[in-house]
Structure formats: structure tokens, C-alpha cells
Number of protein chains: 2
Amino acid sequence: MNSKYTNKLRSSGMRPTRQRIKICEILFDREHTFHFSINDLAEIVKNNAKEKIALATIYNTVHLLTKKGYLKEISINSDKSYFDTNTSSHHHFFDEETSKLIDLDNEYVDPINIRKNIPGKKVKSIEVLVKIDNDNQNQK
Amino acid sequence: MNSKYTNKLRSSGMRPTRQRIKICEILFDREHTFHFSINDLAEIVKNNAKEKIALATIYNTVHLLTKKGYLKEISINSDKSYFDTNTSSHHHFFDEETSKLIDLDNEYVDPINIRKNIPGKKVKSIEVLVKIDNDNQNQK
DNA sequence: TGCTTATATTATAATCATTCTAATCTATAT
DNA sequence: ATATAGATTAGAATGATTATAATATAAGCA
Ligand SMILES: [Mn+2]
Ligand SMILES: [Mn+2]
Ligand SMILES: [Zn+2]
Ligand SMILES: [Zn+2]
């Protein structure tokens, strides 16, 4: 019951259960941003946790952490959802070869000015997706 | 058999069938860019065509038109795929209230310069997604 | 510390978009 | 006209996600 996530969870109105703490440790005890699909996370849980966590619990917890603002959902692919431990508004590279997301911090992109507006609507976010692929230029 | 799409299809190596011609007419006989999900298209076909077209055929045709370069697939939502009759590289507004895409032509956005590169990878596309929602500022 | 109850977890079934299958049909070349 | 490669079709299969409803547990209170 004594984890660095016990209070974090409780302060967000989530009961600190074994399963939630384990998932938080997997997601947040890392140096860099983590981009993952539910399946990625389920695999890690399986190889990493002594006790099994039901898939439904993994879905529930990830969605709850998203709702509470600790994760951000990203769609680049309609096959499955990706989630991101970097919840700020930021850009991405998407590697078409590996299907992996890479953060592209705002410092590497000039502020984007949209010179068009839609009546009655306000801008919620502006994000760039840079698709990349292997450079076979100088391969041969 | 005499449609403006008969030759277009044939010249792309697709046999001009009744179903494909009907789908092309629905998709391309319009003034503006059309953003649609498979379900949107299936609905239009149902209300619009005298003869029923099987859902599998709609999927097949849309995927084939995408492969041939007449449609572009867009992912903003993991629930379903969207397709776009504007196949150029361009930006979008996504209205979170209506779940509709709106083209944001390049002329309204300054060229985007990415000051970071990933070794061994080359940039395939750079596209901006602007999420918008109702402006309830001056609604009260 | 031990009950109570609101919440959470779980296995499993249901849903829904998409893809597959294999039977039937058709555009096109001969 | 005929043959055949390619297309359409209904329905089954798949796979991600969500719902269900029985069981377990965290937290508040006696
Ligand atoms: Mn979701
Ligand atoms: Mn697809
Ligand atoms: Zn990110
Ligand atoms: Zn578009």
C-alpha cells in the first residue's frame, strides 16, 4: 500500500488498488515520454507483474487516468488507440516503418499561425503530425 | 456503361462496374472536398442507388480508390477511418462537437519548418490538425 | 479492530468496424 | 458466343473495445 502513487491516485479520487498502482508504476516510472497501445501495456503487465490484471481493468484504468488528465489519447491509426504520458499539447513524428510515435517538442517547430477561423468555433489545440519512413537514399 | 468514370476507372486498371461507377459518382460529382466514413458512404448509397451495393464492395472500392490515389485516408479518431477526396497534402480542422473534418488549405498556414530530424528517416508529410469546438464565450 | 457499503476487479459475453471466404456473377479478350 | 480473370455478394470470422453481473476490496464508521 505504500507507493508513490498511493496518494496521487487518492488525491484524484481514485482508490489506490494493487492493479492501479502497478499500472502507474509501469507508465510513469520512466525518464521519457511513453507512447503505448492498450496491447503494449497489457504485454508489459503480463511479463512484469506477479499477479495478473484483467484486460478490462487495464482498459478501465487507462481511460480513467486519461479522464483525470494523467494520460492523453492519440489517434494516428484507426486500428487502435495510442496513449501518451506526455499530456501537454505537443507535436509528433510517426514512423510508418515501426508504427511508433516520437515526441517533437515545441522548441523544434515555430509557433503555428492559422489565418482562418470557423465562425462560432474556438481553437482547442494545434498539433503537427510528421510522418517519416526509412531513408533509402544512401543505402544501396 | 457510359459514365464519365468509365474511362477513368479503366485507365487505372479497375474494371468499370456498375457499383464502382455509382460510388465514384457519389464521391466525385461534387464541388467541394468530401470527408466521409465508410458508414457515411454506405448510408448515401442506400438512399441514393436503385440497386443495393454490398458493404464488402464499398470497403473494397474505397480501399482500391485509395490505393490508386483518388482518395486519402485520414485518422483523427480511433473508432473509424475517414477518407478524403482531397488527396493533396493539406491540413484540417476537426470539429469536436460534430466530429466533422474541414479542409484548412495551405494558404492559411505558413510553411512549417521542423528543426529536428531522425537519423535514417526521411519526412513523408507534415500535416496540422486544429481541433475546434463551440465558442460559448458570447453565448450566455 | 471489525462491519458496511460504495467501488473496483474479474471472467465472460456482447458489440461493432473491418476483413475474410467461397459461391456466384460479369467485363473483357479471343 | 465463350472462356476466364476479376468483381460482387452474403455471411462468417476477427479483433479491438465495451458491457455485464458476480465476486472482491478499500475506506468510513461503530
Ligand atoms: Mn476510448
Ligand atoms: Mn483500411
Ligand atoms: Zn507524445
Ligand atoms: Zn481534407
Side-chain angles (χ1 to χ4, degrees), chain A residues 1-3 5-24 26 35-46 49-68 70-71 73-83 99, chain B residues 1-3 5-24 26 35-46 49-68 70-71 73-83 99:
Chain A
M1 291 294 151
N2 49 348
S3 158
Y5 297 106
T6 306
N7 289 322
K8 194 172 181 176
L9 286 166
R10 210 165 357 226
S11 71
S12 294
M14 300 170 70
R15 287 188 179 174
T17 63
R18 271 196 318 286
Q19 294 86 342
R20 286 171 177 176
I21 288 170
K22 183 74 207 169
I23 288 170
C24 283
I26 290 171
H35 298 102
F36 63 97
S37 68
I38 294 287
N39 190 59
D40 295 334
L41 177 55
E43 284 295 311
I44 295 171
V45 166
K46 196 192 312 184
K50 326 192 186 316
E51 304 164 78
K52 148 172 214 215
I53 301 178
L55 187 58
T57 300
I58 297 177
Y59 272 96
N60 289 339
T61 301
V62 166
H63 285 148
L64 203 49
L65 289 171
T66 303
K67 184 156 66 156
K68 297 296 185 179
Y70 297 112
L71 291 174
E73 190 169 1
I74 311 263
S75 294
I76 9 77
N77 182 306
S78 58
D79 294 353
K80 57 181 114 172
S81 256
Y82 285 79
F83 293 86
S99 288
Chain B
M1 288 296 150
N2 49 347
S3 157
Y5 297 105
T6 305
N7 290 322
K8 193 171 181 176
L9 286 166
R10 208 162 2 221
S11 71
S12 295
M14 301 171 69
R15 288 188 180 176
T17 62
R18 274 195 318 286
Q19 295 86 342
R20 287 170 176 176
I21 289 170
K22 185 73 206 168
I23 288 171
C24 282
I26 290 172
H35 299 101
F36 63 97
S37 67
I38 294 286
N39 190 59
D40 295 335
L41 177 56
E43 284 295 311
I44 295 172
V45 167
K46 196 190 314 183
K50 327 193 186 317
E51 304 164 78
K52 148 172 213 217
I53 301 178
L55 187 57
T57 300
I58 297 177
Y59 272 97
N60 289 340
T61 302
V62 167
H63 285 149
L64 203 49
L65 289 171
T66 303
K67 182 155 68 154
K68 298 294 187 181
Y70 297 112
L71 290 174
E73 190 169 2
I74 312 262
S75 294
I76 10 76
N77 182 305
S78 56
D79 294 353
K80 57 180 116 170
S81 256
Y82 286 78
F83 293 86
S99 287

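Numbers restart at 1 for each chain; the letters A, B, ... are given by sequence-line order, proteins then strands.
- The distance from atom CD of A:E43 to atom OG of A:S37, rounded to the nearest 0.5 Å, is 9.0 Å.
- Between A:T17 and the phosphate of C:dT9, there is a side-chain N or O to OP1/OP2 separation shorter than 4.0 Å.
- When the side-chain nitrogen and oxygen atoms of B:Y59 are compared with OP1 and OP2 of C:dT18, one or more of them lie within a distance under 4.0 Å.
- In this structure, B:L55 places its CG atom 17 Å from P of D:dA13, rounding to the nearest Å.
- Considering only heavy atoms from C-beta on, A:F83 comes within 4.5 Å of A:H63 through its side chain.
- In this structure, B:K22 atom NZ and D:dA7 atom C1' are separated by 19 Å, rounded to whole Å.
- Taking side-chain N and O atoms only, A:Q19 has a distance below 4.0 Å to OP1 or OP2 of C:dT10.
- When rounded to the nearest whole Å, the span between CD of A:E51 and P of C:dA11 equals 12 Å.
- Contact between the side-chain N/O atoms of B:K52 and the OP1/OP2 oxygens of D:dT8 is not found at any separation under 4.0 Å.
- Side-chain proximity of B:I53 to C:dT9, D:dT9, D:dT17: nearest is D:dT9.
- With A:S12 contributing its side chain and A:M14 its backbone, the two residues share no donor-acceptor pair below 3.5 Å.
- Protein atom CD1 of B:I38 is 14 Å distant from nucleotide atom C1' of C:dC16, rounded to whole Å.
- If you run side-chain contact (heavy atoms from CB on, under 4.5 Å) between B:V62 and each of B:T66, B:N60, B:L64, only B:T66 comes through.
- Separation of atoms CG (A:L71) and NE2 (A:H35) is listed at 11.0 Å; rounding is to 0.5 Å.
- The CG-P distance, from B:D40 to C:dT18, rounds to 11 Å in whole Å.
- Phosphate contact (OP1/OP2 of D:dT18, side-chain N/O of A:H63, threshold under 4.0 Å): present.
- Residue B:T57 places at least one side-chain N or O closer than 4.0 Å to OP1 or OP2 of D:dT9.
- Rounding to whole angstrom units, CZ of residue A:R10 and P of C:dA6 are separated by 19 Å.
- OP1 and OP2 of D:dT8 both lie 4.0 Å or more from every side-chain N or O belonging to B:R18.
- For the pair B:R15 CZ and C:dC25 C1', the computed distance is 11 Å after rounding to whole Å.
- Counting to the nearest Å, the P atom of D:dG6 and the CE atom of B:M14 are 14 Å from each other.
- Nearest nucleotide to the side chain of B:N60, out of C:dT9, C:dT26, D:dT8: D:dT8.
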